[in-house]
Amino acid sequence: MCNEKQVGMSNPLNEEQIIDMAKAGDRNAQAQLVLKYEKKIYNLALRMMRDPEDAEDVMQETFLTALRKLHSFEGRSRIFTWLYRIAMNISLQKLRDNKKFDASVRLNDPDFESLHGRQLSEWPAYTRNMLSDSEFRDLLDQAIRALPPIYRSVFILRDIEGLSTEETRKLLDLSDSNVKVRLMRARFFLREKLEDYFREHPQS
Amino acid sequence: MNDQLKNDRNIQMKELQTFDKFCRELGKDMDRDFCREIEDELQDCPECKVYYDTIRKTVQIYRICEEDEDLDESREKRLFKVLDLELPGKEL
């Protein structure tokens with residue numbers, strides 16, 4: 001058992017050492033790991049679930065699962081991607097269970113041919129006022145809620161969390177091309193939702 | 001090289017630079033074939049350029065608006081209680 005002084009105080013241990021101690025059952029080391037990643041996991045869950053209470057549930061289940069399975073973590077990936085994988089699986093399962101979305105919805109590829117015939121207008125540069133406007137924020141939220149979870153997960157990991165295609169692929173057990181196709185479809189879906197707003201608010 | 005040709009090449013170069021920047025911003029590892037497809041579309045499709053610019057803005061807007069929220073103290077306390085762990089100091 002290590003004491004508080006050993007874990008991260010005057011002579012901080014590196015993360016690998018803390019993980020080893022946590023795997024060996026050291027409660028203080030486990031607490032330090034949770035403390036380090038709780039905010040990241042909560043925010044990932046919030047982006048997926050779109051509800052603070054649901055996000056809290058996901059965060060709790062993620063760390064319960066992680067501490068239970070920590071002995072199986074072999075260090076082949078970074079600890080945070082391992083935690084993300086657990087959190088993402090729990091989020092997707094909860095979204096499937098509560099049936100707040102139509103699981104059969106599949107998004108289409110963008111149709112480049114049809115673009116030639118469409119009247120597309122350029123969007124104005126976004127401003128701080130626009131981004132803090134509650135109506136606009138609601139629209140962003142509604143658009144991402146309408147995005148089926150299999151697309152939402154890829155969009156969040158790649159475009160919001162900044163993970164690479166490779167990391168996203170491994171985390172979601174997808175092929176490279178699946179990640180890219182889902183990301184492209186998600187981006188186009190969200191773009192269409194925002195297009196409606198900018199058409200109605202051309203002076204934004 | 002005549003002026004018209006120079007002008008055309010300048011326009012092409014600018015489009016390619018825009019396109020390159022677009023690809024970099026949307027994903028460092030976006031594969032080259034996919035980028036070339038976009039490049040082909042942009043050459044003779046002004047609507048596509050608008051379309052891609054708005055895609056880029058969509059991603060940027062979400063990146064800004066989906067900022068991290070703080071985990072409030074009550075949620076943190078409940079988490080540590082559920083895990084049966086003692087909440088340490090935050091010096092890690």
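The figures that follow rest on heavy atoms only: side chains count, while hydrogens, waters and symmetry mates do not. Naming convention: chains lettered A, B, ... in sequence-line order (proteins, then strands); numbering from 1 in each chain.
- For chain B, the nearby parts of Phe63(A) are the backbone and the side chain; heavy atoms of each come within less than 4.5 Å.
- Both the backbone and the side chain of Leu140(A) have a heavy atom closer than 4.5 Å to some heavy atom of chain B.
- Of the atoms belonging to Leu131(A), heavy atoms from both backbone and side chain fall under 4.5 Å from chain B.
- Comparing Lys193(A), Glu161(A), Glu53(A) by heavy-atom pairs within less than 4.5 Å of chain B, the highest count is held by Glu53(A).
- Contacts with chain A were tallied for Val82(B), Asp84(B), Ile61(B); Ile61(B) has the most, counting heavy-atom pairs under 4.5 Å.
- The cationic atom of Arg187(A) (NZ for Lys, CZ for Arg) does not lie both less than 6.0 Å from the six-membered ring centre of Phe155(A) and within 45° of the ring axis.
- Looking only at heavy-atom pairs under 4.5 Å with chain B, the residue among Glu122(A), Lys40(A), Arg47(A) that has the most is Arg47(A).
- With contacts defined as side-chain heavy-atom distances shorter than 4.5 Å, the pair Arg27(A)/Leu85(B) qualifies.
- Only the side chain of Ile64(B) has a heavy atom closer than 4.5 Å to any heavy atom of chain A.
- A 4.5 Å side-chain heavy-atom check between Tyr62(B) and Ile144(A) finds at least one atom pair inside the cut-off.
- Tyr197(A) and Phe136(A) have their aromatic ring centers within a separation under 6.0 angstrom.
- Both the backbone and the side chain of Leu190(A) come within less than 4.5 Å of a heavy atom of chain B.
- For Glu167(A) and Arg158(A), the salt-bridge test fails: no basic side-chain N is under 4.0 Å from an acidic carboxylate O.
- The aromatic ring centroids of Tyr84(A) and Phe80(A) lie less than 6.0 Å from each other.
- Comment: Asp97(A) does not engage Lys94(A) in a salt bridge, judged by the lack of any side-chain N to carboxylate O separation of less than 4.0 angstrom.
- Of the atoms belonging to Ser132(A), not a single heavy atom falls under 4.5 Å from chain B.
- In this structure, the portion of Glu56(A) lying under 4.5 Å from any heavy atom of chain B is its side chain and not its backbone.
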